[in-house]
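Values below: every heavy atom of this structure, side chains too, minus hydrogens, waters and symmetry copies.
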Amino acid sequence: MVTVNIDSRGTACPGPLTDIIRAYKKASNGDILVVMATDPGIKADSKSWCDRTKNQLVDVKEKNGEYTVTIKITGKS
Amino acid sequence: MKRILIVGGGAGGLITANKLAQDLSVELKKEEISISVIDPAVYHEFQPGYIGIAFKGEKPEAMRRHVSSLILRGINLIPEKCARIIPEENKIVTGSGRNMSYDYLVVGTGCEPDYSQIDGLSRDNLDYHTSAEKSANLYRAVSSMKTGKIVVGIAGLPYKCPPSPNEAALLLDEFFTRSGLRERVSINFVTPYIRIYPAEPINEVIEPLFRERNIEMSTGFTVDRIDTAGKKVISLEGDEIPYDTLMLVPPHKPGDFLKGQDFTDEDGWIKTGKTDLHISTYENAFAIGDVTNIPISKAGVEAHLEGIVVGENIVSDITGNNVKALFTGRTQCSMETGYGKATFVIGTYTKPVLKLSPSKDKYIMKKMMEAMYWDALMGRTEAIFKAYFGDDYIQYQSRPVRAPA
């Protein structure tokens with residue numbers, strides 16, 4: 001299991017989701033993606049994306065306009 | 001003599017070279033500076049034109065010109081590849097092993113489709129992102145198709161020209177509707193994003209068109225591989241979409257010579273300052289266009305505006321003007337939506353993408369901008385661009401002060 005930190009701060013939609021999808025492509029089931037973002041759209045987008053791709057949204061934290069989204073990769077066949 | 005070396009003769013490299021030749025014409029004439037463009041390509045192709053070739057049968061010959069006809073007098077054109085950049089030594093090494101030193105470096109080597117990332121894709125895919133010739137092959141295939149399942153969309157990230165997969169789906173719908181074959185041809189649009197167009201404001205105007213035109217939408221579908229024997233696109237989650245004809249945009253990669261360098265990321269994209277466009281920490285080296293790791297659209301307008309910013313800063317450095325130009329992150333991607341209409345994806349680093357409905361006016365504007373392309377590369381349209389882009393054209397950190405004559 002690997003934890004991958006992704007810094008998407010300062011990028012607007014779809015920047016953070018692009019970073020998530022690119023990291024997902026290289027990840028394995030069980031890996032954790034930790035995404036930092038400033039685009040508020042990340043909150044809803046990461047949930048929708050996890051629902052569609054059968055991955056697990058573990059946590060979304062917000063502090064001073066910065067979001068930290070934790071995703072566990074579970075969707076790969 | 002100050003030596004300015006531009007690696008790459010694409011949309012960004014050519015406007016940078018031509019802007020420098022215009023703004024530093026006196027210095028160039030006095031041989032106080034040299035401007036060299038290194039690129040092995042004989043022809044420059046108008047890449048946004050690939051869509052028109054592939055889906056509307058436009059002529060490839062109109063989309064290409066000899067590179068030597070697109071540079072101003074005084075610019076050296078070096079028909080070689082760049083094999084290595086060594087910024088700590090202010091030099092590059094060419095494909096033939098020649099060392100070339102520089103005082104200023106601009107890298108605009110672009111990116112290209114990388115079929116190796118998706119197993120099976122190169123065997124069955126029809127391509128409208130590699131060349132005018134391949135785009136013409138796609139049109140021939142579409143023209144001979146009478147029935148079947150088309151899968152169109154995004155095979156991987158990142159890729160050039162973000163609206164192009166949407167345009168492809170909409171123009172295919174128009175083509176087969178006009179041919180009277182639409183009921184016999186299904187179109188399925190696949191995307192790893194959760195919306196048909198990733199930016200919500202544009203998605204709001206595009207998704208209803210997909211529904212109206214009966215284009216199937218497979219969102220959150222991250223392509224893993226192509227089963228060419230079974231004619232299926234397979235996602236990372238194991239979902240399958242059958243196809244008869246495949247037209248996916250492959251993921252793109254930067255030039256292989258960039259991989260494994262200190263100034264590039266793990267995939268070879270150049271670590272580039274978002275606004276000052278410096279390569280990593282190198283004050284005299286810049287990257288522009290698709291080759292950067294800047295998280296914006298990989299498209300010609302961005303490369304052009306970045307080239308203007310870099311040109312402005314090199315001119316400022318050489319002439320001693322008190323100006324620091326910054327790139328605003330402005331995007332201006334046109335999206336043809338079929339039946340003579342288009343919209344634009346417009347935003348900056350600080351302004352979210354606008355919600356602009358497709359219209360005939362925007363289609364005419366898109367066509368006007370396309371008609372200006374060759375002159376734009378030569379730097380002949382900057383007055384128009386300045387007026388059109390307004391504050392988004394360039395942001396200045398300090399006001400320009402003209403150097404003494």
TODO: Identify the residues of residues 19-40 of chain A whose heavy atoms come closer than 4.5 Å to a heavy atom of chain B, ordered by number, or report 'none'.
DONE: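 Near chain B, by residue number: Ile21(A), Arg22(A), Tyr24(A), Lys25(A), Lys26(A).
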Task: Over 12 foreign heavy atoms within 6.0 Å of NZ, Lys72(A) - done: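 No - once you tally the heavy atoms of other residues, nucleotides and ligands closer than 6.0 Å, there are 12 at most.
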Please classify the contact of [X] with chain A as side chain, backbone, both or neither, using a heavy-atom distance under 4.5 Å.
| X | answer |
| --- | --- |
| Ile118(B) | side chain |
| Tyr193(B) | both |
| Val223(B) | backbone |

Open item on the list: Please identify, among Asp51(A), Thr18(A), Asn55(A), Leu17(A), the residue contributing the most non-hydrogen atom pairs under 4.5 Å to chain B.
Closed with: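 Of the candidates given, the most pairs with chain B belong to Thr18(A).
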Any side-chain heavy-atom pair of [X] and [Y] under 4.5 Å:
| X | Y | result |
| --- | --- | --- |
| Pro254(B) | Thr264(B) | no |
| Gln395(B) | Thr275(B) | no |
| Glu237(B) | Arg52(A) | no |
| Lys298(B) | His252(B) | no |

Open item on the list: Among Lys274(B), Gln117(B), Arg195(B), Glu200(B), which residue has the highest count of heavy-atom pairs closer than 4.5 Å to chain A?
Closed with: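 Looking at each of Lys274(B), Gln117(B), Arg195(B), Glu200(B) in turn, Arg195(B) comes out on top.
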Task: Pair Ser218(B)-Asn188(B), side chain to side chain donor-acceptor pair (under 3.5 Å): steps then yes or no - done: CA-CA 7 Å; Ser218(B) 300; Asn188(B) 192 333; 2.9 Å; yes
Task: Name of the residue among Tyr396(B), Phe389(B), Tyr349(B), Tyr393(B) meeting ring pair (Phe, Tyr, Trp, His ring centres under 6.0 Å) with Phe327(B) - done: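 Considering Tyr396(B), Phe389(B), Tyr349(B), Tyr393(B), a ring pair (Phe, Tyr, Trp, His ring centres under 6.0 Å) with Phe327(B) is found only for Tyr349(B).
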Open item on the list: Quick one about Asp392(B) and Thr328(B) (side-chain donor to acceptor, distance below 3.5 Å, no hydrogens or angles considered), yes or no?
Closed with: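 There is no such pair (donor and acceptor under 3.5 Å, judged by atom type) between the side chains of Thr328(B) and Asp392(B).
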